[in-house]
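These figures come from a predicted structure and were not determined experimentally. So you know, we letter chains A, B, ... as the sequences are listed, proteins then strands, and number each from 1.
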2 protein chains.
Amino acid sequence: MTKEISYKERKVITIGVVSELTGLSERQIRYYEERKLIFPERSPKGNRKYSFADVEQLIDIANKREEGVQTYEIRQDMLKRKRAEDEKAIRKEMLRGQINARFGIQKE
Amino acid sequence: MTKEISYKERKVITIGVVSELTGLSERQIRYYEERKLIFPERSPKGNRKYSFADVEQLIDIANKREEGVQTYEIRQDMLKRKRAEDEKAIRKEMLRGQINARFGIQKE
DNA sequence: CGTGTAAGGAATTCTGACACG
DNA sequence: CGTGTAAGGAATTCTGACACG
């Protein structure tokens with residue numbers, strides 16, 4: 001079960017490029033990170049690095065902000081969605097467990 | 001016929017990150033551009049921007065170089081492959097033309 | 001709360017050139 | 001030919017802070 005990271009998830013884009021891609025100011029992008037809406041990685045010397053997925057996330061955030069949604073609410077929605085995802089993953093895991101219990105453990 | 005550019009093709013990666021990703025020095029990366037092996041775009045202020053496809057291309061180049069292949073030869077191979085691609089595309093186009101001629105022009 | 005801005009410093013990138021082999 | 005490096009300058013990014021509302 002190798003953890004291959006797709007082009008979409010690889011964190012390789014600098015904040016300047018993200019700013020161009022999203023139309024957001026660097027200030028805004030950094031602020032959304034402070035509000036825990038986005039989680040860039042850091043290069044060896046501390047520069048932020050974003051993925052295409054992050055860019056799309058930021059575009060969603062920008063749209064919500066334009067509608068007047070506050071960062072706090074956006075974060076709550078994100079957490080809610082995250083929880084739903086996690087539960088789905090757990091149900092899937094449990095189902096697999098039952099199948100294995102009845103029909104034996106299979107190599108994947 | 002919209003020209004959507006995939007994550008793989010979007011030129012968004014700076015030379016420093018490409019250097020990390022490929023293990024090549026920035027000097028080498030710029031030199032391969034000079035030898036027309038790689039074609040980054042430029043940001044508004046002149047900074048090179050690469051795609052994931054470029055990164056993979058550079059890794060191929062690095063492997064060839066390790067085998068002792070010269071940049072000139074690598075370029076010749078690239079051009080040869082490019083020509084084969086183009087001809088394939090042309091044959092496909094001609095076939096479409098014949099189909100249209102017999103069965104009428106269809107909207108795509 | 002969300003964003004702009006000036007501040008100072010550190011890291012990045014660029015080009016053209018000299019070096020070596 | 002392919003790559004390293006020092007050089008000088010311009011652009012990028014970072015953080016912490018003050019401002020406004």
inquiry  = Using a 4.0 Å cut-off on heavy atoms, which residues in residues 19-54 of chain B reach DNA chain D? List them by number, or say none.
reply    =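 Per residue number, the list reads B:Ser25, B:Arg27, B:Gln28, B:Tyr31, B:Tyr32, B:Arg35, B:Lys45.
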ask   = Within a radius of less than 6.0 Å around CZ of B:Phe39, do more than 12 heavy atoms belonging to other residues, nucleotides or ligands occur?
value =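 Yes.
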query = Any chance CZ of A:Arg42 has more than 12 other-residue heavy atoms, nucleotides or ligands included, within less than 6.0 Å?
reply =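 Yes, the 6.0 Å shell around CZ holds more than 12 heavy atoms from other groups.
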query = For DNA chain D, which consecutive runs of 3 or more Watson-Crick or G-U pairs (each distance under 3.5 Å) count as stems?
reply =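 Stem list for DNA chain D: C:2-5 with D:17-20, C:17-20 with D:2-5.
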ask   = Applying the salt bridge (Lys or Arg N to Asp or Glu O under 4.0 Å) test to B:Glu33, which of B:Lys49, B:Arg48, B:Arg75 qualifies?
value =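 That would be B:Arg48.
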message = Between B:Gln70 and A:Val17, which residue's closest nucleotide on DNA chain D lies nearer the 5′ terminus?
response =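 Comparing both residues, the 5'-ward one is B:Gln70.
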ask   = Starting at CD of A:Glu67 and ending at C1' of C:dG2, how long is that distance when rounded to a whole Å?
value =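 One finds 17 Å between C1' of C:dG2 and CD of A:Glu67, rounded.
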key: Whole-Å gap separating P (D:dT12) and CD1 (B:Ile13)   =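 In whole Å, D:dT12 P lies 18 Å from B:Ile13 CD1.
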ask   = Does a side-chain N or O from B:Thr14 land closer than 4.0 Å to OP1 or OP2 of D:dT12, or not?
value =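 So the side-chain polar atoms of B:Thr14 never come under 4.0 Å of the phosphate oxygens OP1 or OP2 of D:dT12.
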query = Which atom pair, heavy atoms only, marks the closest approach of B:Ile59 to B:Leu21?
reply =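 Answer, listing the atom of B:Ile59 first, then B:Leu21: CD1-O, 4.5 Å.
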inquiry  = One thing to verify: whether B:Glu85 and B:Lys82 come together as a salt bridge, which I'm taking to mean a side-chain N less than 4.0 angstrom from a carboxylate O.
reply    =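 No, B:Lys82 and B:Glu85 are not salt-bridged.
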task = Please lay out, stage by stage, how B:Arg30 and B:Glu26 fare under the test salt bridge (charged side-chain N to carboxylate O under 4.0 Å, His left out).
result = CA-CA 6 Å; B:Arg30 294 197 190 98; B:Glu26 300 184 8; 3.2 Å; yes
ask   = Nearest 0.5 Å, what's the OH-OG1 distance between B:Tyr50 and B:Thr22?
value =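 Going from OH on B:Tyr50 over to OG1 on B:Thr22, the span is 9.5 Å.
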request  = Consider only side-chain heavy atoms of I, L, V, M, F, W and Y, link residues closer than 4.5 Å, and tell whether A:Val69 and A:Leu58 are in one cluster.
outcome  =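 Same hydrophobic cluster.
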